[in-house]
**Student:** 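First the structure, then my questions, so here it is.
Note that the coordinates shown come from a computational prediction; the quantities given were computed from them, not determined experimentally. In what follows, chains carry the letters A, B, and so on, assigned in the order in which the sequence lines appear, proteins first and then strands, with residues in each chain numbered from 1.
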There are 2 protein chains.
Amino acid sequence: MATLRDIAAELGLAVSTVSRALSGQANVEAATRARVLAAAERLRYRPNALARALRRNQTQTVGLVIPDILNDFYASAAAVLQRVLEQQGYRTVLALNNDNPETDAKCLAGLLEQHVDGIVHVPCTKDGARVVRDATHQIPVIEMNRRSSNGEFDAVLSDEREGSRILTQHLLQLGHRRIAMIVGPEMYSTTRDRVDGFNDAFREERVSRDDSSVFFGTYSRTWGKTAMEQVMRRTPRPTAVYASSSQLVLGAMAYFAAAGMHVPADCSVVGLGNPDWYQITHPPLTTYAIPLREMGMIAAQLLLARITELRSDVVVPTVTRLSGHLIIRASAAQPPSVSAMPIPEDIDVNT
Amino acid sequence: MATLRDIAAELGLAVSTVSRALSGQANVEAATRARVLAAAERLRYRPNALARALRRNQTQTVGLVIPDILNDFYASAAAVLQRVLEQQGYRTVLALNNDNPETDAKCLAGLLEQHVDGIVHVPCTKDGARVVRDATHQIPVIEMNRRSSNGEFDAVLSDEREGSRILTQHLLQLGHRRIAMIVGPEMYSTTRDRVDGFNDAFREERVSRDDSSVFFGTYSRTWGKTAMEQVMRRTPRPTAVYASSSQLVLGAMAYFAAAGMHVPADCSVVGLGNPDWYQITHPPLTTYAIPLREMGMIAAQLLLARITELRSDVVVPTVTRLSGHLIIRASAAQPPSVSAMPIPEDIDVNT
DNA sequence: ATGAAAGCGCTAACAC
DNA sequence: GTGTTAGCGCTTTCAT
């Protein structure tokens, strides 16, 4: 690998001069700069980002810690975030925590050792990135999508409570009175927000929530299916289901297909989020789209701002909450006046 | 940030001793090591990966260059790859090239500057990662999924030609004679393989390919839809469609839904790949599943092997080609003896 | 078993 | 405008 020293030797200059020439600083004669550029080209010189980072004490790298790269929810935000940061000359290193606290801690620690300039984090614990705050070398952290309960960090969220309320209201206004809501672990702020929104809608519409219930589990396809089995065993049977993540939707729809039930004739369904394939489910899904791309963008910009910001005084954490929008397609309709359809037993959804 | 020097000062030791103690080397008295460990803990010492990398000339980092993080095709492989590498103590930095040659070159160059120890690359040009080979500092490159035509690199591929053949054969054996195949750009090795497999099947089944055709475009939802419009305008109309990527499937299915056509009654459909949602399309999709996770795993292992391998003698590039398997669901059936259904005009798929 | 010293490739303060 | 110097935090000979 050619280094500054090689160029300097080749040209009989000092390394510092070569450095200045290459990094476009003033105080270098035009002719000298030209010679340096030519030599750099000739020797195939590539700056060593490591050495530069060590010296300047900034890596031009940010860490992104998300639960799962296969989930459209995080991948959408990640894609935009990566692009924005790249445009500003920052690299993004991706770490996957699988919503596992231990893995999460490892990810964070790794990024710290790597001396990233900042972190965008989807927390999965109460404490969030406390590790980073406890570190001796402070770097900005932006929480995205979910929020830890320690309130020390900036956060970019979507208004899932509102989305949930709108979705539930839609169902209520269609005439549904027994609605099943399928969610993941209660410990995530998003889960609580979603449930709160669910309750808000009943309150607002002055409908008793007694006949409706919330099924807590995990945000997985399996739980979507299992929960549906439980839902359909209820008597009287719910007339609508709110599957609050794409994975849950997947499981729920698989259940209906395997059970030979028709949506929305036999049961209405609404989802949350809006991956591409929501358009081609049968029928296309009514859902509340969350502005994931915007969230990624804003998280990136906020992080950039925090990084370049004067480290001088204490900054007060900002919480940005973005609204999504209801997309009415065909999976939610009025409930049947009577529902006497028998429920099949032992359904195998894994086809 | 606490450094080795801080610990050394605290304990009245030399940095080198502290370094040895911390990195678990021999020649350190047990008592000394204990004191060092305690001090490190107390001062919240975190090793500086940058300094270590600069000194040791290896970063314990590998680069992964893929076209698109939102595409299940790449994300599946990426997820596994990341996990395997992490287990072996390597970080993965993700770079997205969008199948754009310029972006690709930038990604590669950036990774080189960052001194990654190796790269896994989905090439989008004839030359692939030639930039890396031309660099003065050689690092191993593994091509994944697609192959550049320069043959200098190891490659981990799936047998898409075979998959394509099997899928087409399935259609042929069901009785289809007019099959439309929708693909992306001819310049990708995968596209060519898929088309070759398509042709193989006709040859093998001794069926004339004259009534069937291949629609080249891009691997996008839009092209899936547009291509379908063109396909359905053909007379006589094809009885089956082979949409050779999930994005193309998405577009095609959206077309059918908007056109009010039924799969497979009005037209059979087969896909390629196997994202989760293929199970809940209406009807569930018959497809050829590609072992993406295995590919990611093998690419990771191969890269690790190349990295740790003696740099001594020239290695001859390995090509690993993995087979997938046909999944028969319900989207492909026998063709109707007669098909006289009119084709609707001006369909809006963007619902 | 421990210490001293050199140096990875770069930048930045300072001298000239 | 250019050179000299110091040093980022670490590993690794080589002495002792």
**Student:** Please determine whether a side-chain nitrogen or oxygen atom of Thr32(A) lies at a distance below 4.0 Å from atom OP1 or OP2 of dG1(D).
**Tutor:**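 So the side-chain polar atoms of Thr32(A) never come under 4.0 Å of the phosphate oxygens OP1 or OP2 of dG1(D).
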
**Student:** Could you list the donor-acceptor pairs under 3.5 angstrom formed between side-chain atoms of residues 80-91 of chain B and any protein atom two or more places apart in sequence or on another chain?
**Tutor:**
none

**Student:** Taking side-chain hydrogen bond (donor to acceptor under 3.5 Å, both in side chains) as the cut-off, I'd like each qualifying pair that reaches into residues 24-40 of chain B, sequence neighbours left out, listed once.
**Tutor:**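 Every side-chain hydrogen bond (donor to acceptor under 3.5 Å, both in side chains) pair that includes a residue of residues 24-40 of chain B, provided the two are not neighbours, is Ser23(B)-Gln25(B).
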
**Student:** Taking CG from Asn57(B) and C1' from dG9(D), how many angstroms apart are they, rounded to a whole number?
**Tutor:**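 Whole-Å distance recorded here is 16 Å.
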
**Student:** Round to a whole Å and report the spacing from CG of Leu54(A) to C1' of dC8(C).
**Tutor:**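 Distance, rounded to whole Å: 9 Å.
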
**Student:** Heavy atoms under 4.0 Å, any strand shown: does Leu13(A) hit a base, just sugar-phosphate, or nothing?
**Tutor:**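 Sugar-phosphate, no base atom in range.
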
**Student:** For Arg35(A) and dG1(D), give me the distance from atom CZ to atom C1', rounded to whole Å.
**Tutor:**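 The answer, rounded to whole Å, is 13 Å.
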
**Student:** Run the salt bridge (Lys or Arg N to Asp or Glu O under 4.0 Å) check on Asp99(B) and Arg146(B) step by step: do they pass?
**Tutor:** CA-CA 11 Å; Asp99(B) 275 335; Arg146(B) 291 204 285 251; 2.3 Å; yes

**Student:** In whole angstroms, how far is the P atom of dC14(C) from the CG atom of Asn27(A)?
**Tutor:**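 To the nearest whole Å, that distance equals 15 Å.
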
**Student:** Could you give the CG-to-C1' distance, from Leu112(B) to dG9(C), as a whole number of Å?
**Tutor:**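 Checked: the CG to C1' distance equals 16 Å.
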
**Student:** Between Gln114(A) (CD) and dG9(D) (P), how many Å, whole number?
**Tutor:**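 The distance from CD of Gln114(A) to P of dG9(D) comes to 17 Å, rounded to the nearest Å.
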
**Student:** Salt bridge or not for Glu113(A) and Arg52(B), using N-O below 4.0 Å?
**Tutor:**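 Looking at Glu113(A) and Arg52(B), the cut-off is not met.
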
**Student:** Just the rounded figure in Å: distance from C1' of dC8(D) to NE2 of His137(A).
**Tutor:**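 In whole Å, dC8(D) C1' and His137(A) NE2 are 13 Å from each other.
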
**Student:** How does each nucleotide of nucleotides 10-16 of chain D score, in 5' to 3' order, for protein heavy atoms under 4.0 Å: base (B), sugar-phosphate only (S), or none (-)?
**Tutor:** BBB----

**Student:** For Thr103(B) and Asn98(B), does a side-chain donor sit closer than 3.5 Å to a side-chain acceptor?
**Tutor:**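 The criterion, which ignores hydrogens and geometry beyond distance, is not satisfied for Asn98(B) and Thr103(B).
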
**Student:** Indicate whether any N or O donor in one side chain lies under 3.5 Å from an N or O acceptor in the other, for His121(A) and Asp104(A).
**Tutor:**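 Looking only at side-chain atoms, Asp104(A) and His121(A) do form a donor-acceptor pair, the distance falling under 3.5 Å.
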
**Student:** Take atom CG of Leu50(B) and atom P of dT11(C), then tell me their distance rounded to the nearest Å.
**Tutor:**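 For the pair Leu50(B) CG and dT11(C) P, the rounded distance is 13 Å.
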
